[in-house]
K.L.:
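Take this structure first; my questions come after.
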Amino acid sequence: MKITPRLPLADLGALVCDTCLKNGIDIVLSGGACVSIYTKNRYRSFDLDFVLRSPVPRKKIKGTMEGLGFLPDGRHFRHPANPYIVDFLLPPLSVGEEPVREISEIRSGEMTLRLLSPTDCVKDRLAAYYHWNDRSSLEQAVLVCRDQDVDMREVRRWSLNEDKRPEFEVFKVLAAKGNDRA
């Protein structure tokens, strides 16, 4: 797959994920890119945040990304032919205080993108809302709920463990508007 200016985020993610895995780097996509994918770009992210499943030397990541044509730009990687920024976050793969238990996969041709499940994507966005009062992240969590099957009981359980009952109630009301799944 050739990296072009119009290569969709999910396809780029699958290419990076697949190439990294072939080079012994186990990663999972998180953050706003998951929201973009799950909402069919109703929310647009221009960065791909991959969480390492185990520690990997930066030199190995750099070599793998350079093999795809990416150039280091501080802690990020940029490709001259594509607008997306790629970042690698240190393990563990977690949402709030809990490890992520379920990883979803999306096929793109022969490649596979590994990413947070819709439920964990919502929890990831809510973590930013809960801990930093990031209203944009709250809106992203609501968008995912409207477009995907999200286990609201699990989101509630996790929210209570994070000691964020009032914030969860705000989210629940917003997610329920126009959505019979919430």
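Everything numeric in this text was worked out from a predicted model, so none of it was measured.
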K.L.:
Nearest 0.5 Å please: distance from the CD atom of Glu105 over to the CG atom of Leu115.
P.N.:
9.0 Å

K.L.:
Output the distance between atom CG (Asp49) and atom CG (Leu29), rounded to the nearest 0.5 Å.
P.N.:
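If I round to the nearest 0.5 Å, the distance is 7.5 Å.
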
K.L.:
Do Ser30 and Asp124 get their side chains close enough for a donor-acceptor pair, meaning under 3.5 Å?
P.N.:
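Side chains of Ser30 and Asp124: no pair found under 3.5 Å.
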
K.L.:
Can you check whether Lys59 reaches Lys62 side chain to side chain, under 4.5 Å on heavy atoms?
P.N.:
no

K.L.:
Hey, quick one: are Phe168 and Val170 part of the same hydrophobic cluster, counting side-chain heavy atoms closer than 4.5 Å, chains of contacts allowed?
P.N.:
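Hydrophobic grouping puts Phe168 with Val170.
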
K.L.:
Has the side chain of Gln148 got a donor or acceptor atom that lies under 3.5 Å from a matching backbone atom of Tyr38?
P.N.:
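Judged by distance alone, yes, a pair lies under 3.5 Å.
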
K.L.:
Is the side chain of Ser94 donor-acceptor paired with the backbone N or O of Glu97 at a distance under 3.5 Å, no angle test?
P.N.:
no

K.L.:
When rounded to the nearest 0.5 angstrom, what distance separates NZ in Lys60 from CE in Met65?
P.N.:
14.5 Å

K.L.:
Out of curiosity, does Ile103 fall in the hydrophobic cluster containing Leu116 (side-chain heavy atoms, cut-off under 4.5 Å, transitive links)?
P.N.:
yes

K.L.:
For the OG1 atom of Thr19 and the CE atom of Met1, what is their distance to the nearest 0.5 Å?
P.N.:
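Rounded to the nearest 0.5 Å, the OG1-CE separation comes out at 9.5 Å.
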
K.L.:
Go through the structure and list residues passing side-chain hydrogen bond (donor to acceptor under 3.5 Å, both in side chains) with Asp151, not counting sequence neighbours.
P.N.:
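Residues passing side-chain hydrogen bond (donor to acceptor under 3.5 Å, both in side chains) with Asp151: none at all.
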
K.L.:
Working note: Lys123 + Val155, criterion side-chain contact (heavy atoms from CB on, under 4.5 Å); need CA distance, chi angles, decisive distance, verdict.
P.N.:
CA-CA 6 Å; Lys123 292 190 299 187; Val155 174; 4.2 Å; yes

K.L.:
Could you pull out the closest heavy-atom pair between Ala175 and Met152, with the gap in Å?
P.N.:
CB-CE, 4.3 Å

K.L.:
Taking Arg165 for the side chain and Arg156 for the main chain, is one N or O donor matched with an acceptor at less than 3.5 Å?
P.N.:
no

K.L.:
Contact between Thr4 and Asn82 at the side-chain level, heavy atoms closer than 4.5 Å - yes or no?
P.N.:
no

K.L.:
State which residues pass side-chain hydrogen bond (donor to acceptor under 3.5 Å, both in side chains) with His131; sequence neighbours excluded, sorted by chain then number.
P.N.:
Glu162

K.L.:
Does Asp73 use its side chain to pair, donor to acceptor, with the backbone of Arg78 at less than 3.5 Å?
P.N.:
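Not confirmed, Asp73 side chain does not pair with Arg78 backbone.
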
K.L.:
Which class fits the ring pair Phe70 and His79: parallel under 30°, tilted 30 to 60°, perpendicular over 60°?
P.N.:
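Judged by the thresholds at 30° and 60°, the geometry between Phe70 and His79 is perpendicular.
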
K.L.:
Heavy atoms, side chains only, cut-off 4.5 Å: are Phe46 and Ile85 in contact?
P.N.:
no

K.L.:
Ring-plane angle category for Phe50 and Phe88, please: parallel below 30°, perpendicular beyond 60°, tilted otherwise.
P.N.:
parallel

K.L.:
So, do Val16 and Leu48 sit near enough that their side-chain heavy atoms are less than 4.5 Å apart?
P.N.:
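No, side chains not in contact.
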
K.L.:
Do Ser117 and Ser104 make a side-chain contact, defined as non-hydrogen atoms from C-beta onward lying under 4.5 Å apart?
P.N.:
yes

K.L.:
Just by distance, do the side chain of Ser36 and the backbone of Tyr43 share a donor-acceptor pair under 3.5 Å?
P.N.:
yes

K.L.:
Check Pro5 against Pro83 and note the closest heavy-atom contact, atom names and distance.
P.N.:
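Shortest heavy-atom contact: O-CD, 3.6 Å.
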
K.L.:
So, the side chain of Asn41 versus the backbone of Arg44: is there a donor-acceptor pair under 3.5 Å, distance only?
P.N.:
no

K.L.:
What distance separates Leu68 CG from Leu15 CG, expressed to the nearest 0.5 Å?
P.N.:
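Interatomic distance, Leu68 CG to Leu15 CG, rounded to 0.5 Å: 5.0 Å.
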
K.L.:
Among Leu52, Asp120, Val28, which residue meets the side chain to side chain contact (heavy atoms under 4.5 Å, CB included) test with Leu93?
P.N.:
Val28

K.L.:
Start with the C-alpha gap between Val150 and Val144, add the side-chain angles, then the distance that decides, and say whether side-chain contact (heavy atoms from CB on, under 4.5 Å) holds.
P.N.:
CA-CA 8 Å; Val150 172; Val144 173; 4.3 Å; yes

K.L.:
Side chains of Asp26 and Arg114, heavy atoms from C-beta outward: is any pair under 4.5 Å?
P.N.:
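Of all side-chain heavy-atom pairs linking Arg114 with Asp26, at least one is under 4.5 Å.
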
K.L.:
Can you check whether Leu21 reaches Ile27 side chain to side chain, under 4.5 Å on heavy atoms?
P.N.:
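Leu21 does not reach Ile27 side chain to side chain.
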
K.L.:
Please determine whether the number of non-hydrogen atoms from other residues, nucleotides or ligands lying under 6.0 Å from atom CZ of Arg6 exceeds 12.
P.N.:
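Atom CZ in Arg6 is not packed in, count stays at 12 or less.
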
K.L.:
Is it the case that atom CZ in Arg153 sees more than 12 heavy atoms from other parts of the structure closer than 6.0 Å?
P.N.:
no

K.L.:
Is Lys40 salt-bridged to Asp147, going by a charged N under 4.0 Å from an acidic O?
P.N.:
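No, no charged N to carboxylate O under 4.0 Å.
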
K.L.:
If I compare all heavy atoms of Ala141 with all of Val122, which pair ends up nearest, and what's the gap?
P.N.:
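Looking at all heavy atoms of both residues, the closest pair is O-CG2, 3.8 Å.
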
K.L.:
Is a side-chain N or O of Arg58 found less than 3.5 angstrom from the main chain of Arg75, in a donor-acceptor match?
P.N.:
yes

K.L.:
State, yes or no, whether a side-chain contact exists between Glu154 and Arg101 at a heavy-atom distance under 4.5 Å.
P.N.:
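SC-SC contact between Glu154 and Arg101 confirmed.
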
K.L.:
Does Asp163 have more than 12 heavy atoms from other residues, nucleotides or ligands lying within 6.0 Å of its CG?
P.N.:
no

K.L.:
With a 3.5 Å distance limit and no angle check, can you tell me whether Trp158 reaches the backbone of Val95 through a side-chain donor-acceptor pair?
P.N.:
yes

K.L.:
Working to the nearest 0.5 angstrom, can you tell me the gap between Gln140 CD and Leu138 CG?
P.N.:
9.5 Å

K.L.:
I'd like to know whether Ser137 forms a side-chain contact (heavy atoms from CB on, under 4.5 Å) with Tyr130, so could you lay out the CA-CA distance, the side-chain angles of the two residues, the decisive distance to 0.1 Å, and finally the verdict.
P.N.:
CA-CA 9 Å; Ser137 291; Tyr130 290 170; over 6 Å; no

